[in-house]
Amino acid sequence: MRPLVGISCCQKPFGIFGTPNHAASDSYIRVVRGPVSGTPVLLPAAGEDLSAELLPHLDGLILTGSRSNVWPGYYDGPAHAEGTPEDRFRDDTTLPLIRAAIDHGVPLLAICRGMQELNVALGGSLDQRIQDLPGRMDHSTPSDQPIPKVRTGKAHAVRIEREGALGAVLTPGGRAAGRLAVNSLHNQGVQRLAPRLVAEAWAPDGTVEAVRVDGARGFALGVQWHPEYDWEHDADSRAIFEAFGRACAAHRAARTADPGLAQAAE
Ligand SMILES: N[C@@H](CCC(=O)NCCCC(=O)O)C(=O)O
């Protein structure tokens, strides 16, 4: 049996009546079926803490990217500018889920918004428009490029801490180089790093681009870029998901060998 990998959904209005739906990009389904070698399980943006009900049955957790942004009230930040998309239902579900997954050693891979959620869940804060800050780059989705190029194209390099948890899962070439070329589709970023997080990659303007959870029992990484868009062509993107998949498989083996482990997560 493949490991069950939870994928966070966003709550989005669909259809002519704009009724709420729960959605995640097909990119996450495909990467879980591919290099992660798992079974994807969509986790609804239910607006409540479902961790006790979900975690005993999950072997990994992917916090997905999204155009929406973490509610500033969760990090005592200023209200968003008018029109900035938010998704409180998602925040109210993912923030406690992240903390519980870390506490119970469920492997966790946080991507873009997901890394921002990880930082806020553990007590950090966010800058809301990096491009408006002095000396900082514009990390947002370029409007002058076709979407496929934006997602699989490379926007800038990131410097990697070779001896860190991310460096350990990259290809030998990626680790030796100590740098990766990545895509970039975000306005927000780490302002105050959460106490338990350790930065492991940086953009040329100092923006934190990857973090690990210090002292985590299992795989617990966040990346600000989107490796799920180019893993079929990019060996280092694929290596991240393969390492996450190995961690999920190990968690499943332990969970199924010791049912008590599952109960402990309740
Ligand atoms: N909204 C946040 C997080 C950005 C993010 O997750 N981008 C993914 C966009 C998904 C897509 O358009 O394909 C921010 O702006 O920092």
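Ligands are counted one by one from 1 in listed order, and the atoms in each one are counted from 1 as well.
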Exercise. Please state which protein non-hydrogen atom is closest to atom 7 (N) of ligand 1 and give its distance, to 0.1 Å?
Worked result: Leu185 O, 2.9 Å

For this session: Say whether Trp202 and Leu221 are linked into one hydrophobic cluster, either directly or through other cluster members, by side-chain heavy-atom distances under 4.5 angstrom.
Result: no

Exercise. Does Gln116 come within less than 4.0 Å of ligand 1, judged by its heavy atoms?
Worked result: yes

Exercise. Which of the atoms of ligand 1 are close to Arg67, meaning less than 4.0 Å from one of its heavy atoms?
Worked result: 1 (N), 12 (O)

Problem set entry | Which segment of Ser140 sits under 4.0 Å of ligand 1 when only heavy atoms are counted | neither

Exercise. Between Asp205 and Arg136, is there a side-chain N and carboxylate O pair less than 4.0 Å apart?
Worked result: yes

Exercise. Quick one: does ligand 1 sit under 4.0 Å from the side chain of His226, the backbone, both or neither, non-hydrogen atoms only?
Worked result: side chain

For this session: Decide yes or no on side chain to side chain donor-acceptor pair (under 3.5 Å) for Ser125 and Gln191, but give the supporting numbers first.
Result: CA-CA 5 Å; Ser125 64; Gln191 179 188 68; 2.8 Å; yes

Problem set entry | Contact atoms of ligand 1, heavy-atom distance to Arg113 under 4.0 Å | 3 (C), 6 (O)

For this session: Would you check whether Gln188 has a nitrogen or oxygen atom less than 3.5 angstrom from a nitrogen or oxygen atom of ligand 1?
Result: yes

For this session: Compute both the distance and the angle, then confirm whether Arg238 meets the cation-pi test with Trp231: under 6.0 Å from the six-membered ring centre, within 45 degrees of the axis.
Result: no

Exercise. Could an N or O of ligand 1 be found under 3.5 Å from any N or O of Gly65, whether backbone or side chain?
Worked result: no

Exercise. How long is the span from the CZ atom in Arg113 to the CG atom in Leu118, to the nearest 0.5 Å?
Worked result: 13.0 Å

For this session: Run the numbers for me: atoms of ligand 1, each under 4.0 Å from some heavy atom of Ser68, listed by number.
Result: 1 (N), 2 (C)

Seminar exercise, completed: of all protein heavy atoms, closest to atom 10 (C) of ligand 1 is Tyr229 OH, 3.6 Å

Problem set entry | Side-chain H-bond candidate by donor/acceptor type, Ser8 with Thr64, under 3.5 Å | yes

Exercise. Out of Ser27, Cys112, Gly114, Pro85, whose heavy atom is nearest to atom 5 (C) of ligand 1?
Worked result: Cys112

Exercise. Does Glu117 come within less than 4.0 Å of Arg90, counting only side-chain N to carboxylate O?
Worked result: yes

For this session: Identify, for atom 15 (O) of ligand 1, the protein heavy atom at the shortest distance, and state residue, atom and that distance.
Result: Asn187 N, 2.9 Å

Exercise. Is Ser66 close to ligand 1, meaning an N/O of one under 3.5 Å from an N/O of the other?
Worked result: yes

For this session: Over 60° means perpendicular and under 30° means parallel, so classify the ring planes of Tyr229 and His226, tilted if in between.
Result: parallel

Exercise. Looking only at protein heavy atoms, which one is nearest to atom 2 (C) of ligand 1, and how far off is it?
Worked result: Asn69 OD1, 3.2 Å

Exercise. Parallel, tilted or perpendicular: which describes the rings of His186 and His139, with under 30° parallel and over 60° perpendicular?
Worked result: tilted

